[in-house]
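Below is one structure, written out as structure tokens, with a few remarks after it.
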Amino acid sequence: MSGLPKVELHLHLEGAAPPTFIRGLAKEKHLDISGIFDERGNYRYRDFRDFLKVYEAATSALRTPGDYQRLALAVLEESAASGVVYSETFVSPDFCGGRDLGAWREYLHAMQEAADQAERQMGITLRGIVTCIRHFGPEKARGTARCAAETAGDWIVGFGIAGDEKIGAPKDFRWAFDCAREAGLRLTAHAGEWGGPESVRAALQDLEVERIGHGVRAIEDPALVDELAERGTVLEVCPGSNVALGIYKDFREHPIDALDRRGVKVTISTDDPPFFHTTMVREYEELHRAFDWDEGQFRKIARQSLDAAFCDADTKAKIAKKLEA
Ligand code: ADE
Ligand code: ZN
């Protein structure tokens, strides 16, 4: 499976940090975050809310642009080893410089340096989607959106929202999304992961996003499934994440296959791979095992993912050649 060229649209940079990497940083900085690891050194969390807390504690070890440069390189190495040729990663000025534009530019520069190096050395292309954090509230999201708008361009290509879907409502974030849209950014929102179909509807109506992060719980409302198929809304599906967090019992219970059969544009991503003990190769293997998906199906999905990518046409054309190889 690693030989199949892959496109990943939903990956949180901080959430992709290997636990050993975070432990190393914490040691360098004399920071005690030992409570977030289990006895085998993996991240330890009880449920989704606890996962978000552990995620933020791990992220607290990332304190300088240099840390993000090293992180981005480590993450890209792992993705390239899985056969990923193009990746979009969520990055957040909330974690990089506390929404201060000058600091955010420095972090961004560091991540772009890592991306350039990885492209030269490993042939993987990375782009960034600035994300606000829902449970940090709409006011902070406005600051995040301003940073996104100021740095929108070839590399920062989108804006999104992650975090606790049970807190607040998409309409509270309308200003932030309008600001990002006016700056030319493409839009996506986490919805239909912990919230049901109504959460997906609200994201579509109130934020006018073209992609939905997860979105899988749309399956509970057949009319919504039809609407997603008709509109061509792309779902950034992360099956291993949903199974690890207990939304579905196993891959066989996951709705990705049903959504695909009903004509919804699904894509495959890992979300926060070390937290969920996954990689793109593992996602492919599990989908093959659960639904008998074959090479033709995976190639169709990679093409669909590239069509839904937020990068410019020249970049897409370059990646398309790699998918055809
Ligand atoms: N941030 C990182 N991973 C997330 C997830 N699966 N859902 C919501 N916010 C997140
Ligand atoms: Zn996510």
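Just follow the structure's listing: the first ligand is 1, and inside any ligand the first atom is 1.
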So which heavy atom in the protein is nearest [atom], and how far is it from that ligand atom?
atom                   : result
atom 7 (N) of ligand 1 : E193 OE1, 2.7 Å
atom 1 (N) of ligand 1 : H12 CE1, 3.5 Å
atom 9 (N) of ligand 1 : G163 N, 2.9 Å
atom 3 (N) of ligand 1 : D272 OD2, 2.7 Å

Quick one: look at [X] and ligand 1, take heavy-atom pairs under 4.0 Å, and tell me if it's side chain, backbone, both or neither.
X    : answer
D164 : neither
W194 : neither
F90  : neither
H214 : side chain

Task: Of the N, O or S atoms in D271, the one nearest the Zn ion (ligand 2) - done: OD1
Which ligand 1 atoms, with their elements, are less than 4.0 angstrom from a heavy-atom of [X]?
X    : answer
D271 : 3 (N), 5 (C), 6 (N)
F51  : 3 (N), 4 (C)
A162 : 9 (N)

Open item on the list: If only side-chain N and O atoms count, and only distance matters, is there a donor-acceptor pair under 3.5 Å linking S87 with E8?
Closed with: no
TODO: Establish, from distance only, whether the side-chain atoms of Q297 and D260 form a donor-acceptor pair under 3.5 Å.
DONE: yes
Open item on the list: If you count heavy atoms of other groups shown closer than 6.0 angstrom to NZ of K322, is the number above 12?
Closed with: yes
Task: H277 atom NE2: more than 12 heavy-atom contacts under 6.0 Å - done: yes
Task: E324 and K321 ion-paired at < 4.0 Å - done: no
Task: Salt bridge present between D221 and R201 (N-O < 4.0 angstrom) - done: yes
TODO: Take R120 and D116, measure what salt bridge (Lys or Arg N to Asp or Glu O under 4.0 Å) needs, and give me the verdict at the end.
DONE: CA-CA 6 Å; R120 282 192 310 272; D116 287 348; 5.3 Å; no
Open item on the list: As a quick check of understanding, evaluate side chain to side chain donor-acceptor pair (under 3.5 Å) for H288 and D294, giving each step before the final call.
Closed with: CA-CA 6 Å; H288 168 66; D294 59 10; over 6 Å; no
- [ ] Output yes if H10 passes the N/O/S-under-2.8 Å test against the Zn ion (ligand 2); output no otherwise.
- [x] yes
Open item on the list: For a distance under 2.8 Å, tell me if H190 has an N/O/S atom near the Zn ion (ligand 2).
Closed with: yes
Open item on the list: Angle between ring planes, F275 versus Y45, binned at 30° and 60°: parallel, tilted or perpendicular?
Closed with: tilted
Open item on the list: If we only consider heavy atoms of F48, is any one of them less than 4.0 Å away from an atom in ligand 1?
Closed with: yes
Open item on the list: Could you tell me if R211 sits above the aromatic ring of F310, with its cationic atom closer than 6.0 Å to the ring centre and no more than 45 degrees from the axis?
Closed with: yes
